[in-house]
Amino acid sequence: MSEKITISGESRQETGKANSRSLRSSEIVPGVIYGEEKSSNIKVLEKDLKKILENPSIFSQVIDLNIDGSPFEVLLKDIQRNPRNDRPSHVDFLVVSKDTKVTVNVPLKFINEDICPALKIGGVLNIVRHEVELNCLPTAIPEKITVDLAEGKIGDSIHISAVELPDGVTPTISDRDFTIATLQSPGGGVKNEDDEAADGDSSDNTETE
């Protein structure tokens with residue numbers, strides 16, 4: 001688990017496009033925090049938001065969000081950006097409970113490529129999924145899932161069942177043993193049927209069950 005990330009902000013009473021434009025011109029990002037009884041409008045400094053966005057796994061980490069002195073444990077749900085300059089223009093935070101499972105996308109990290117038998121003879125690693133969608137408690141979100149290629153051979157398909165997941169962490173796809181990668185000959189190989197289905201299975205959303 002990574003070290004907890006902390007950010008502060010303030011509640012926002014005024015809303016509307018004009019108010020949001022005024023905030024952005026002052027390098028303040030409007031946003032929303034939701035997940036309790038009702039949503040609340042907030043604002044955070046752009047420089048503080050940019051700092052947490054530097055973390056590549058920010059969407060799968062619990063954040064300590066302090067609003068007007070009140071602490072919340074949240075997940076970053078969505079970040080909108082200005083298409084002209086890529087500056088953050090709006091942010092959504094989801095309040096999470098320690099006892100409620102959440103759905104997060106966690107990156108896969110492939111290791112031992114240098115000793116993989118298939119790759120040593122010129123084979124190709126075809127990564128079907130760069131991340132997997134998992135169910136887990138907010139306190140048990142893994143930073144990454146490791147896939148060991150040490151014994152991979154040409155023609156192998158690596159399925160999710162071959163990957164060791166932490167206790168209490170389960171894939172959201174439970175009706176089949178889906179493929180996360182294949183090891184093909186240098187000239188390519190036959191596409192696994194799970195490969196074609198993978199594009200429709202992944203989700204960018206993080207939500208409570």
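Along the sequence shown, the residues carry numbers beginning at 1.
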Asker: Surrounding CD of E151 (heavy atoms of other residues, nucleotides or ligands, distance under 6.0 Å), is the total greater than 12?
Answerer: no

Asker: To the nearest 0.5 angstrom, please state how far the CG atom of D48 sits from the CD atom of E27.
Answerer: 11.5 Å

Asker: Does V91 reach the side chain of L49, with side-chain heavy atoms less than 4.5 Å apart?
Answerer: yes

Asker: Please report the C-alpha distance between E131 and V106 in whole Å, then the side-chain angles of each, then the deciding distance to 0.1 Å, and finally whether the side chain to side chain contact (heavy atoms under 4.5 Å, CB included) criterion is met.
Answerer: CA-CA 5 Å; E131 61 183 19; V106 177; 5.9 Å; no

Asker: Do you know the tightest heavy-atom contact between G9 and V44?
Answerer: CA-CG1, 4.0 Å

Asker: Is there a path of hydrophobic side-chain contacts, each under 4.5 Å between heavy atoms of I, L, V, M, F, W or Y residues, that connects L45 with I79?
Answerer: no

Asker: Indicate the atoms forming the closest heavy-atom contact of G152 with P117, along with that distance.
Answerer: O-CD, 3.2 Å

Asker: Begin with the C-alpha distance, continue with both residues' side-chain angles, and end with the deciding distance and a verdict on side chain to side chain donor-acceptor pair (under 3.5 Å) for N135 and T172.
Answerer: CA-CA 6 Å; N135 292 324; T172 58; 5.6 Å; no

Asker: Between N112 and I115 (side chain of the first, backbone of the second, donor and acceptor by atom type, cut-off under 3.5 Å), is there such a pair?
Answerer: no

Asker: Surrounding CG of D167 (heavy atoms of other residues, nucleotides or ligands, distance under 6.0 Å), is the total greater than 12?
Answerer: no

Asker: Could you walk me through whether E46 and K50 satisfy the salt bridge (Lys or Arg N to Asp or Glu O under 4.0 Å) test, starting with their C-alpha distance in whole Å, then the side-chain angles of each, then the deciding distance to 0.1 Å, before giving a yes or no?
Answerer: CA-CA 6 Å; E46 182 178 344; K50 283 182 174 180; 3.2 Å; yes

Asker: Going by heavy atoms in the side chains, are V29 and L23 under 4.5 Å from each other?
Answerer: no

Asker: Report the distance from atom CD1 of I5 to atom CG of D64, rounding to the nearest 0.5 Å.
Answerer: 9.5 Å

Asker: Are I63 and L76 close enough, and set up right, to give a side chain to side chain contact (heavy atoms under 4.5 Å, CB included), and what steps lead you there?
Answerer: CA-CA 8 Å; I63 301 168; L76 179 60; 4.1 Å; yes

Asker: Answer yes or no: is there a side-chain heavy-atom contact under 4.5 Å between T103 and E133?
Answerer: yes

Asker: To the nearest 0.5 Å, tell me how far E10 CD sits from N41 CG.
Answerer: 13.5 Å

Asker: Keeping the roles fixed (side chain from S22, backbone from A18), state whether a donor-acceptor pair exists under 3.5 Å.
Answerer: no

Asker: Tell me who clusters with L137, hydrophobic residues only, linked when side chains sit under 4.5 Å apart either directly or through other members.
Answerer: none

Asker: Any side-chain heavy-atom pair from R12 and P30 closer than 4.5 angstrom?
Answerer: yes

Asker: Counting C-beta onward and ignoring hydrogens, is there a side-chain heavy-atom pair between V74 and I33 closer than 4.5 Å?
Answerer: yes

Asker: E73 vs K98, test: side chain to side chain contact (heavy atoms under 4.5 Å, CB included). Steps then yes/no.
Answerer: CA-CA 9 Å; E73 286 194 324; K98 293 181 179 180; 3.6 Å; yes

Asker: Kindly give the heavy-atom pair with the smallest separation between L134 and P142, and that separation in Å.
Answerer: CD1-CG, 4.2 Å

Asker: How about I158 and V147: do any of their side-chain heavy atoms sit closer than 4.5 Å?
Answerer: yes

Asker: Look up atom OG in S26 and atom NZ in K43, then write down how far apart they are to the nearest 0.5 Å.
Answerer: 9.5 Å

Asker: Q80: which residues meet the side-chain contact (heavy atoms from CB on, under 4.5 Å) condition with it, sequence neighbours left out?
Answerer: D78, S89, H90

Asker: Looking at every heavy atom in both S11 and D68, which two are closest together, and how far apart are they?
Answerer: OG-OD2, 2.6 Å

Asker: Considering all heavy atoms of both residues, which atom of Q184 and which atom of I154 are nearest to each other, and what is their separation?
Answerer: O-CD1, 3.3 Å

Asker: Identify the residue among L125, I111, L149 that makes a side-chain contact (heavy atoms from CB on, under 4.5 Å) with C116.
Answerer: L149

Asker: Excluding sequence neighbours, so at least two apart, what forms side-chain hydrogen bond (donor to acceptor under 3.5 Å, both in side chains) with D156?
Answerer: none

Asker: Measure the shortest side-chain to side-chain distance between R129 and F178 over non-hydrogen atoms and say whether it is less than 4.5 angstrom.
Answerer: yes

Asker: Measure the spacing between CZ of R81 and CG of L53 and express it to the nearest 0.5 Å.
Answerer: 5.5 Å

Asker: Looking at OG of S157 and CD1 of I180, how far apart are the two atoms once the value is rounded to the nearest 0.5 Å?
Answerer: 10.5 Å

Asker: Is it the case that the side chain of N82 and the backbone of R87 share a donor-acceptor pair, with hydrogens and angles ignored and the cut-off at 3.5 Å?
Answerer: no

Asker: Between T100 (side chain only) and S97 (backbone N and O only), is there a donor and an acceptor less than 3.5 Å apart?
Answerer: no

Asker: So which heavy atom on I127 is nearest to which on A181, and how close?
Answerer: CA-CB, 4.2 Å

Asker: I would like to know whether D92 and Y34 meet side chain to side chain contact (heavy atoms under 4.5 Å, CB included); could you show each step before the answer?
Answerer: CA-CA 8 Å; D92 291 356; Y34 62 96; 4.1 Å; yes

Asker: Any heavy-atom pair between the side chains of F93 and L75 that's under 4.5 Å?
Answerer: no

Asker: Are I52 and I28 connected, step by step, through hydrophobic side chains (Ile, Leu, Val, Met, Phe, Trp, Tyr) whose heavy atoms are closer than 4.5 Å?
Answerer: no

